[in-house]
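Beneath this line is the structure, given in C-alpha cells, with notes to follow.
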Amino acid sequence: MKKNSANIDWLTIVLSDSPSGGAEQTQKNLITHLTETGKKCAVLILVKKKYAGWEDLESKCKVVYFPFESHFLGFLYLIPYLFFFFVKNRINYTFSSQTFVNFILGFYKKIGFLRKTKVVTRESTSIFKFFTGIKLKVY
C-alpha cells in the first residue's frame, strides 16, 4: 500500500448533485447501499454544490465537489484530478454512468494506470441516437 494513502472500496463520479437525474440517482442508490454495508466510498461531483442531492451521504463517505458551474470544465479538470486521486488513494472499484466519464476511466484502465482497480460502467444513453457528427466521433 502506498505511504499515506487511503483505501477506498468504491469511487463514483457524477455530473451534478441534482436529485432529478436518473444516472445520478442510480449511482446514489449504489453508494447508499454500499455505505450501509460498511464499504468505504468516495463521490466526485463535477460541478459546484447547488442542491442537497448528496448531503445525506457527506457524513458517511468522502464527497468532493469540483469548483465549477460548467460540466465541461469539470470534465477537463477530472482528467488530471483523477491522476492525483489515484496516486493518493487505493481504489478497489470505480463506477460511472456518464459517457465521457466512462471514456476517461476506460482510457486510464487501458493504459494501465488503473491496474488494480476494477472499472464498472453503466451507459444510460444511446450515443448513436442522440449524437451526430463531431460530437459522436468524440464520444
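FYI, the numbering just counts along the sequence from 1.
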Original post:
Does L57 reach the side chain of V43, with side-chain heavy atoms less than 4.5 Å apart?
Top reply: no
Original post:
Taking only residues at least two apart or on different chains, which pairs with a member in residues 55-64 satisfy side-chain hydrogen bond (donor to acceptor under 3.5 Å, both in side chains)?
Top reply: K28-D56, K49-E55, K49-E58, E58-Y65
Subject >> Residue pair L34 / C41: nearest heavy atoms and the distance that separates them >> reply: CB-SG, 3.7 Å
**OP:** Rounded to the nearest 0.5 Å, what's the gap from CG on N102 to CZ on R122? Could you check?
**Re:** 10.0 Å
Original post:
Between atom OG1 of T121 and atom CZ of F103, what is the distance when rounded to the nearest 0.5 Å?
Top reply: 13.0 Å
Original post:
V64, V14: one ILVMFWY side-chain cluster at the under-4.5 Å cut-off?
Top reply: no
Subject >> From L46 atom CG to S16 atom OG, the distance as rounded to the nearest 0.5 Å >> reply: 9.0 Å
**OP:** Taking D9 for its side chain and K40 for its backbone only, find out whether a donor-acceptor pair lies under 3.5 Å.
**Re:** yes
Original post:
Does the pair L76 and F68 meet the rule for a side chain to side chain contact (heavy atoms under 4.5 Å, CB included), with working shown?
Top reply: CA-CA 11 Å; L76 292 178; F68 307 108; over 6 Å; no
**OP:** Before giving the answer on side chain to side chain contact (heavy atoms under 4.5 Å, CB included), spell out for I104 and I13 the whole-Å C-alpha distance, their side-chain angles and the decisive distance to 0.1 Å.
**Re:** CA-CA 11 Å; I104 293 169; I13 304 165; over 6 Å; no
**OP:** Among residues two or more places apart or on two chains, list those pairs meeting salt bridge (charged side-chain N to carboxylate O under 4.0 Å, His left out) that have a residue in residues 63-82.
**Re:** K48-E69
Subject >> Closest non-hydrogen atom pair between I91 and F85, with its separation >> reply: CD1-CE2, 3.6 Å
Original post:
Where the side chain of K109 meets the backbone of T117, is there a donor-acceptor pair that is under 3.5 Å apart?
Top reply: yes
Original post:
Within the side chain of Q27, is there an N or O that forms a donor-acceptor pair under 3.5 Å with the backbone of T12?
Top reply: no
Subject >> Non-hydrogen atoms of Q98 and S96 that approach each other most closely >> reply: N-OG, 3.4 Å
**OP:** Can you see which heavy atom on H71 is nearest to which on L15, and at what distance?
**Re:** CD2-O, 3.2 Å
Original post:
Partners of F107 by ring-ring contact (aromatic ring centres under 6.0 Å, His included), sequence neighbours excluded?
Top reply: none
Subject >> Those residues that, when tested against F72, pass ring-ring contact (aromatic ring centres under 6.0 Å, His included) (two or more places apart) >> reply: none
Original post:
Is a side-chain N or O of Y108 found less than 3.5 angstrom from the main chain of I79, in a donor-acceptor match?
Top reply: yes
Original post:
Are W10 and V120 close enough, and set up right, to give a side chain to side chain contact (heavy atoms under 4.5 Å, CB included), and what steps lead you there?
Top reply: CA-CA 10 Å; W10 282 86; V120 180; 4.3 Å; yes
Original post:
Does Y93 OH have over 12 foreign heavy atoms under 6.0 Å away?
Top reply: no
Subject >> Minimum heavy-atom distance C61-T35, with the two atoms named >> reply: CB-CG2, 4.0 Å
Original post:
With under 30° as parallel and over 60° as perpendicular, where do the rings of F113 and F83 fit, or are they tilted in between?
Top reply: parallel
Original post:
Minimum heavy-atom separation for L11 to I8, with atom names?
Top reply: N-CG2, 4.5 Å
Subject >> Same cluster (ILVMFWY, side-chain, under 4.5 Å), I111 and L78 >> reply: yes
**OP:** May I ask you to test the L114-V119 pair for a side-chain heavy-atom distance under 4.5 Å?
**Re:** yes
Original post:
When rounded to the nearest 0.5 angstrom, what distance separates CZ in F75 from OH in Y81?
Top reply: 16.0 Å
Subject >> Rounded distance [0.5 Å steps], NZ in K39 versus CD1 in I31 >> reply: 12.0 Å
Subject >> ILVMFWY network linking V47 to F100, side-chain heavy atoms under 4.5 angstrom >> reply: no
Subject >> Pair Q25-N29, side-chain hydrogen bond (donor to acceptor under 3.5 Å, both in side chains): steps then yes or no >> reply: CA-CA 6 Å; Q25 191 59 49; N29 291 343; 3.0 Å; yes
Original post:
Could you go step by step and tell me if F66 and L73 meet the side chain to side chain contact (heavy atoms under 4.5 Å, CB included) rule?
Top reply: CA-CA 9 Å; F66 283 8; L73 292 175; over 6 Å; no
**OP:** Under the side chain to side chain contact (heavy atoms under 4.5 Å, CB included) rule, collect the residues that match up with K50, sequence neighbours excluded.
**Re:** D17
Original post:
When rounded to the nearest 0.5 angstrom, what is the spacing between CG in L82 and CG in N89?
Top reply: 10.5 Å
Subject >> Any residue meeting side chain to side chain donor-acceptor pair (under 3.5 Å) with T94, in chain and number order, not counting sequence neighbours >> reply: none
